Amino acid sequence: MRISARELLEQLLDSGSFVSWDRPPLSVAGSPRYREELRAAERSAGVDESVRTGAGLLRGREVAVIACEFEFLAGSIGVAAAERIVTAVERATALGLPLIASPTSGGTRMQEGTVAFVQMVKIAAAVAVHKAAGHPYLVYLRDPTMGGVFASWGSLGHITFAQPGALIGFLGPRVYKALYGKDFPEGVQTAENLYRNGVIDGVVPISVFRRIAHRALSVLSGEVLPSQPVVQEIPAAASADITAWQSVLASRRSDRPGIRDLLRHVTQRVPLSGTGQGESDRTVVLALARFRGQPCVVFGHDRVGQQGETTMGPAALREARRSMALARELHVPLVLVIDTVGAALSKEAEERGLAPEIARCLADLTTLDTPTISVLLGQGTGGGALALLPADRVLAATHAWLAPLPPEGASAIVHRDTAHAADLAAAQRIRSADLLADGIVDRIIPEIPDAADEPTAFARRMVQAIAEELAQLRSHSAAELQRRRRHRYRRLGLPG
């Protein structure tokens with residue numbers, strides 16, 4: 001069911017708060033027939049162009065809004081509509097306002113030809129400048145969103161949701177049939193299919209998107225809420241008495257709390273999904289959240305999604321890199337949670353670039369210009385764990401560990417059997433106490449005695465510790481954080 005621009009604004013914004021920024025549209029050269037089409041479109045749609053812009057309140061927070069009107073020449077974008085969009089984006093940037101865009105369009109206005117087609121370049125450029133300034137850009141795709149609109153400003157959101165059942169795609173079905181003489185495959189160009197394949201973050205009605213946008217903007221507002229009183233932390237000295245193999249076994253308990261348990265104890269959580277580039281991996285979790293008032297992007301391994309041979313693949317690492325890009329663009333810290341049995345061992349993972357993605361994660365993290373925290377929550381096996389490790393501060397649960405291979409795999413290499421796994425775990429110094437002594441970990445968050453036996457208390461303890469670290473890191477400049485991070489990993493493993 002198509003939603004008009006007026007309906008979108010009424011349902012998205014606080015009642016009566018919308019103030020239009022629109023001026024009369026530019027006069028564009030065209031044939032008498034086109035000019036008559038414009039007049040007819042204005043009469044039928046009740047608006048003077050295919051897009052409305054302005055500002056309003058979303059649960060009391062001022063936001064800029066751009067909304068297409070499909071009833072005006074199928075929401076197509078020509079020179080006048082593009083100029084209205086760019087002017088609004090630039091005004092939002094100058095005012096420092098978050099921007100919500102809601103396209104519904106058939107794409108480029110064919111009556112204006114190539115000059116209309118290239119307008120998508122200047123719209124995308126204006127959005128890029130807005131994002132580079134650190135201002136949020138949220139997108140809600142309505143039915144339908146096609147062509148150049150989807151391929152430019154419709155696909156640049158920090159977060160992107162869509163109307164249920166919306167037709168969304170690049171090449172319109174009618175054009176496809178005209179060109180190739182057959183129907184486009186059914187069910188491909190739908191909001192639901194794009195969500196399943198990691199192109200967009202979710203499919204929700206406007207009323208739900210309003211709540212999501214409010215939570216996202218609350219996280220990204222830049223306002224740091226007061227932290228709760230620090231919980232007295234029990235000394236972690238006892239972790240030195242725990243063997244590496246005991247930790248390995250504890251980390252593998254099926255009832256051990258994972259990243260989702262941590263997220264149940266944060267505020268203003270906004271789950272996101274996929275790479276935004278047509279890939280998703282259900283072994284990882286991505287979200288915006290506040291830890292005791294401290295805003296951040298959260299990304300990590302989901303132990304629930306790792307079953308049997310289903311482990312993180314290249315798409316999970318590309319989603320990790322999306323989390324890094326979000327943190328950089330939104331100027332908020334990044335929290336990474338490590339809890340993995342290891343990266344996927346498969347033909348598909350090799351051919352889709354698993355190893356290069358690990359390398360890119362390491363390069364991105366070591367040069368990221370925003371505060372970073374890495375949390376060793378449970379198992380930390382191989383390159384899949386290493387890819388999320390380099391950070392300004394590294395925390396570890398008592399029974400967390402980090403190793404190049406599972407101890408059984410290391411034993412198979414060294415001893416040609418798995419019987420020496422416990423010995424190899426000790427020799428490789430994989431347990432949290434050894435990681436702390438070796439400078440890989442900065443702080444151990446205790447389990448009393450095992451996180452699986454106190455899941456709620458442990459999750460709250462870890463969330464509080466992360467919040468404390470975030471608060472400390474905010475006092476350092478980006479240049480200082482980068483300098484310290486480079487020095488830390490340059491000296492790793494060296495004496496003294």
Side-chain angles (χ1 to χ4, degrees), residues 2-23 45-70 75 81 84-104 123 126-127 129-131 133-142 145 153-154 156-163 201-202 204-226 267-272 287-290 293 295 326 329-332:
R2 286 180 185 156
I3 302 168
S4 70
R6 176 183 57 80
E7 292 169 329
L8 180 280
L9 294 171
E10 287 177 350
Q11 295 179 50
L12 178 67
L13 301 176
D14 298 352
S15 179
S17 68
F18 178 71
V19 177
S20 176
W21 287 351
D22 296 338
R23 296 179 179 178
V47 293
D48 61 3
E49 245 303 341
S50 62
V51 64
R52 297 182 65 185
T53 71
L57 300 179
L58 197 162
R59 295 194 173 186
R61 186 186 303 278
E62 189 176 10
V63 297
V65 183
I66 299 172
C68 281
E69 177 52 73
F70 192 81
R84 180 171 286 182
I85 292 169
V86 171
T87 299
V89 175
E90 291 174 341
R91 184 169 178 177
T93 305
L95 294 173
L97 293 178
L99 177 57
I100 300 176
S102 183
T104 171
I123 299 174
V127 170
V129 171
H130 182 81
K131 293 170 65 177
H135 306 312
Y137 179 59
L138 283 55
V139 174
Y140 184 72
L141 305 171
R142 284 148 53 223
T145 302
W153 55 289
L156 293 175
H158 288 118
I159 67 174
T160 304
F161 288 78
Q163 175 190 352
D201 291 305
V204 296
I206 295 174
S207 59
V208 176
F209 178 72
R210 171 178 158 87
R211 295 198 296 271
I212 291 171
H214 168 68
R215 290 201 303 268
L217 295 178
S218 296
V219 172
L220 304 173
S221 65
E223 176 189 13
V224 179
L225 303 178
T267 54
Q268 305 292 355
R269 175 167 56 95
V270 181
L272 304 178
L288 308 176
R290 281 182 178 266
L326 282 172
E329 292 176 358
L330 294 167
H331 301 176
V332 294

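In what follows, every heavy atom counts, from backbone to side chain, and hydrogens, waters and symmetry copies are set aside. Model, not experiment: these values are computed from the prediction.
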J.: Does anything in residues 208-217 form a side chain to side chain donor-acceptor pair (under 3.5 Å)? List the pairs, not counting sequence neighbours.
T.: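 Listed by first then second residue: D14-R210.
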J.: Got a sec, which residues hit side chain to side chain contact (heavy atoms under 4.5 Å, CB included) with A45, two or more places apart in sequence or on another chain?
T.: V47, E69, E71, F72
J.: Measuring from atom CD1 of I206 to atom CD of E7, what distance do you get when rounded to the nearest 0.5 angstrom?
T.: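 Nearest 0.5 Å value for the CD1-CD distance: 7.5 Å.
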J.: Measure across E49 and A81 and return the closest heavy-atom pair with its distance rounded to 0.1 Å.
T.: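 Smallest interatomic distance, heavy atoms only, reads OE1-CB, 3.6 Å.
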J.: Just verifying a value: how many Å separate F209 CZ and I159 CD1, rounded to the nearest 0.5 Å?
T.: 5.5 Å
J.: Less than 4.5 Å apart, side chain to side chain, heavy atoms only: is that true for R2 and T104?
T.: no
J.: Which residue, V139, L138, L13, forms the side chain to side chain contact (heavy atoms under 4.5 Å, CB included) with I100?
T.: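 Output: one option passes, namely L138.
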J.: How would you list, by chain and number, every residue that makes a side-chain hydrogen bond (donor to acceptor under 3.5 Å, both in side chains) with R6, sequence neighbours excluded?
T.: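 For R6, the residues satisfying side-chain hydrogen bond (donor to acceptor under 3.5 Å, both in side chains) (neighbours in sequence not counted) are E10.
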J.: Output every pair passing side chain to side chain donor-acceptor pair (under 3.5 Å) with a member in residues 89-98, not counting sequence neighbours, ordered by first then second residue.
T.: T93-H130
J.: Give the table of side-chain donor-acceptor pairs shorter than 3.5 Å for residues 50-68, with sequence neighbours excluded, one pair per line with atom names and distance.
T.:
{"unit_1": "S50", "atom_1": "OG", "unit_2": "S76", "atom_2": "O", "d": "2.7"}
{"unit_1": "S50", "atom_1": "OG", "unit_2": "R109", "atom_2": "NH2", "d": "3.3"}
{"unit_1": "T53", "atom_1": "OG1", "unit_2": "D22", "atom_2": "OD1", "d": "2.5"}

J.: Locate the shortest heavy-atom distance separating A126 from V86; write the atom from each residue and the value.
T.: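 Nearest heavy atoms, A126 then V86: CB-CG1, 4.1 Å.
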J.: To the nearest 0.5 Å, tell me how far L326 CG sits from K131 NZ.
T.: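 If we round to the nearest 0.5 Å, L326:CG and K131:NZ are 8.0 Å apart.
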J.: Among all residues two or more places apart in sequence or in another chain, which pass the side-chain hydrogen bond (donor to acceptor under 3.5 Å, both in side chains) test with Q268?
T.: none
J.: Restricting to non-hydrogen atoms, name the atom on H135 and the atom on L97 that form the minimum distance, rounded to 0.1 Å.
T.: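 In this case the closest contact between H135 and L97 is CB-O, 4.1 Å.
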J.: Side-chain contact test, heavy atoms from C-beta onward, threshold under 4.5 Å: evaluate it for V89 versus I123 and give yes or no.
T.: no
J.: Minimum heavy-atom separation for W21 and A88, please, with both atom names.
T.: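 Distance-wise, the nearest heavy atoms are CZ3-O, 3.5 Å.
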J.: What heavy-atom pair brings P295 and V219 nearest, and what distance separates the two atoms?
T.: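 Reported closest heavy-atom pair: CB-O, 2.9 Å.
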J.: To check you understand the geometry: which heavy-atom pair defines the closest contact between Q163 and Y140, and what is its length?
T.: CA-OH, 3.3 Å
J.: Name all residues meeting the side chain to side chain contact (heavy atoms under 4.5 Å, CB included) criterion together with P271; count only those two or more places apart in sequence or in a different chain, and write none if there are none.
T.: R269
J.: Distance-only, no hydrogens or angles: does the Y137 side chain make a donor-acceptor pair with backbone N or O of A101 under 3.5 Å?
T.: no
J.: Under the rule for ring pair (Phe, Tyr, Trp, His ring centres under 6.0 Å), what residues qualify as partners of F161, not counting sequence neighbours?
T.: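 For F161, no residue satisfies ring pair (Phe, Tyr, Trp, His ring centres under 6.0 Å) once neighbours in sequence are set aside.
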J.: If only atom types and distance count, is the side chain of S221 paired as donor or acceptor with the main-chain N or O of S218 below 3.5 Å?
T.: yes
